[in-house]
Amino acid sequence: MRLPFFYGWVVVAVTFVTMAIGVNARTAFSLFFPPIISEFGWERGVTAGAFSFGFVVSGVVSPLIGRLMDRAGPRAVMELGVVLMGGGLLLAPLTSAPWHLYVTIGVMVGAGSVCLGYSGQSLFLPNWFIRKRGFAIGIAFAGVGIGSVTLLPWVQHMIEATGWRTACTAMGLLVLIVLAPVNLLLHKRPQDIGLEPDGDAAPAAGGAQPVSNIVDPVWVNTDWTLKRAVATARFWWIALGYFSGLYIWYSVQVHQTKFLLDIGFSPSVAVWALGIVSLLGIPGQIVLGHVSDRIGREWVWAISCAGFVICFAALIGLKYQPSLWLVYLMVFAQGALGYGLTSIMGAVVFEIFQGRHQGSIFGTIMLAALAGGAAGPWLTGVLHDRTGDYTLAFGIAMIVSGLSALAIWRASPGKVRAVAGRLHNPQSRTAE
């Protein structure tokens, strides 16, 4: 039975729901962080290390998840993520020593988040769209924002009313009950169910062929195995860009709430700031995803990195002038601009290394990205413990933001495949 609309939008909807719950289940660690420190009295570096350790685990399993996606498809990957993340959240309330957090939040939730979060979704969602790739991914990943403004306040309310353990259990149940059934609707690519990307009709024999988006035919016609990809400079520029991107992303995400509390803001303001960042990420991801389809992925990545520079500069300023207008600036720059990274993360890799082994290549690149996600919160916490404040850590993050923008510009996905807005360029009309 054919739907009255392209099935790719069903895939987008499932991804939207999965991201809303799966990503925010991990983000909620920022809310669990203060009560865990208060209860056990552990150092911030040690406690935040559980979150960072999750990225180490994520990095180790990411290439394996990429291979699983190439061989078994998204349903197998997503259901594995549901079991791991749901189980980790249900077991975390039994914590009584730091290593318990490292096993549950680190190993189980960390590994599950590779499947359910940005990494796992980026392994197959770009297959469903070409012309509207950035726009569709932006919509799907905007689910994170909806989840943040609905789930995070709910989690904070439960923490205040019944404790962090009850809130953690509730999140685990939500992951299992909602995400297990909806992800059975997924397919890896439109061709698996007789469709074409973007819902286009299959080209008729002898008919006019659509304008190709290929700029570099030699590169595109190469059978990119993981071994071949690793031997290219582009692979390592992307890896550096993604390492730096997740470094800055999670440096601020994990420590933002505690920082605001430390400088005198109320818990309600701190929680509001965390939630509104993701809320602003909704229009930010959609708009910047669409813009990337017009002007190119490199430009949008640079815009997003500039957003993080502004965010960290505002955080440093808040130490000296703790005013709400700087909180507003920090929140806007981080959410509306910075979160645009996610709308093109999958597109950059697919447009450079698209082929039979794209899942393995993307999964291996995410090893570097997740290493950045691990390094950011950990190093930020350690620098705070050593210096007594976040100024040096946030200053380093501003430098890393610029490095990320430079790296993706050097990778130049637009010199391999042109986005829809650049198809007027005669270079991109080479037949595929």
Practice item. Not counting sequence neighbours, which residues clear side chain to side chain donor-acceptor pair (under 3.5 Å) with Tyr118? List them please. Key: none

Study note, to complete from the structure: Taken in chain and number order and not counting sequence neighbours, the residues that satisfy salt bridge (charged side-chain N to carboxylate O under 4.0 Å, His left out) with Arg71 are none

Point to revise | For Arg234, salt bridge (charged side-chain N to carboxylate O under 4.0 Å, His left out) partners two or more places apart | key: none

Is it the case that over 12 heavy atoms from other parts of the model lie below 6.0 angstrom from the [atom1] atom of [X]?
| X | atom1 | value |
| --- | --- | --- |
| Trp299 | CH2 | no |
| Lys132 | NZ | no |
| Trp378 | CH2 | no |
| Arg67 | CZ | no |
| His100 | NE2 | yes |

Practice item. Check the pair Val109, Thr104 against side-chain contact (heavy atoms from CB on, under 4.5 Å), reporting the backbone distance first and the verdict last. Key: CA-CA 6 Å; Val109 174; Thr104 56; 5.8 Å; no

Write down the atom of [X], the atom of [Y], and the distance for their closest heavy-atom approach.
| X | Y | value |
| --- | --- | --- |
| Leu116 | Val175 | CD1-CG1, 4.5 Å |
| Leu260 | Ala273 | CD1-CB, 3.8 Å |
| Gly373 | Tyr250 | O-CB, 4.0 Å |
| Leu174 | Trp154 | CD2-CZ3, 4.3 Å |
| Val178 | Pro181 | O-CD, 3.2 Å |
| Asn127 | Arg189 | CB-CB, 4.1 Å |

Could you give the side-chain donor-acceptor pairs of residues 239-248 under 3.5 Å, partners two or more places apart or in another chain?
from, atom 1, to, atom 2, distance (Å)
Tyr242, OH, Met345, O, 2.4
Ser244, OG, Leu240, O, 2.9

Check whether any side-chain N or O of [X] sits under 3.5 Å from a backbone N or O of [Y] as a donor-acceptor pair, and report yes or no.
| X | Y | answer |
| --- | --- | --- |
| Arg131 | Pro197 | no |
| Trp128 | His187 | yes |
| Gln354 | Glu351 | no |

Practice item. Output, in order, the C-alpha distance, side-chain angles, deciding distance and verdict of side-chain contact (heavy atoms from CB on, under 4.5 Å) for Phe135 and Phe129. Key: CA-CA 9 Å; Phe135 179 59; Phe129 299 90; over 6 Å; no

Quiz: residues 334-342 side-chain donor-acceptor pairs under 3.5 angstrom, not counting sequence neighbours:
from, atom 1, to, atom 2, distance (Å)
Gln334, NE2, Gln256, OE1, 2.9
Tyr339, OH, Gln253, NE2, 3.4
Thr342, OG1, Gln285, NE2, 2.5
Thr342, OG1, Tyr339, O, 3.0

Review point. Only one of Val83, Val82, Leu89 clears side chain to side chain contact (heavy atoms under 4.5 Å, CB included) with Met85; which?
Key: Leu89

Would you be so kind as to tabulate the donor-acceptor pairs closer than 3.5 Å made by side chains of residues 313-330, with sequence neighbours excluded?
from, atom 1, to, atom 2, distance (Å)
Lys319, NZ, Asp389, OD2, 2.5
Ser323, OG, Trp325, NE1, 3.0

**Study point:** Name of the residue among Lys258, His255, His384 meeting side chain to side chain donor-acceptor pair (under 3.5 Å) with Tyr390
**Key:** His255

Exercise for review: State the NE2-CG distance between His357 and Asp70, to the nearest 0.5 angstrom.
Suggested key: 8.0 Å

Review point. Do Glu39 and Trp164 have side-chain heavy atoms sitting under 4.5 Å apart?
Key: yes

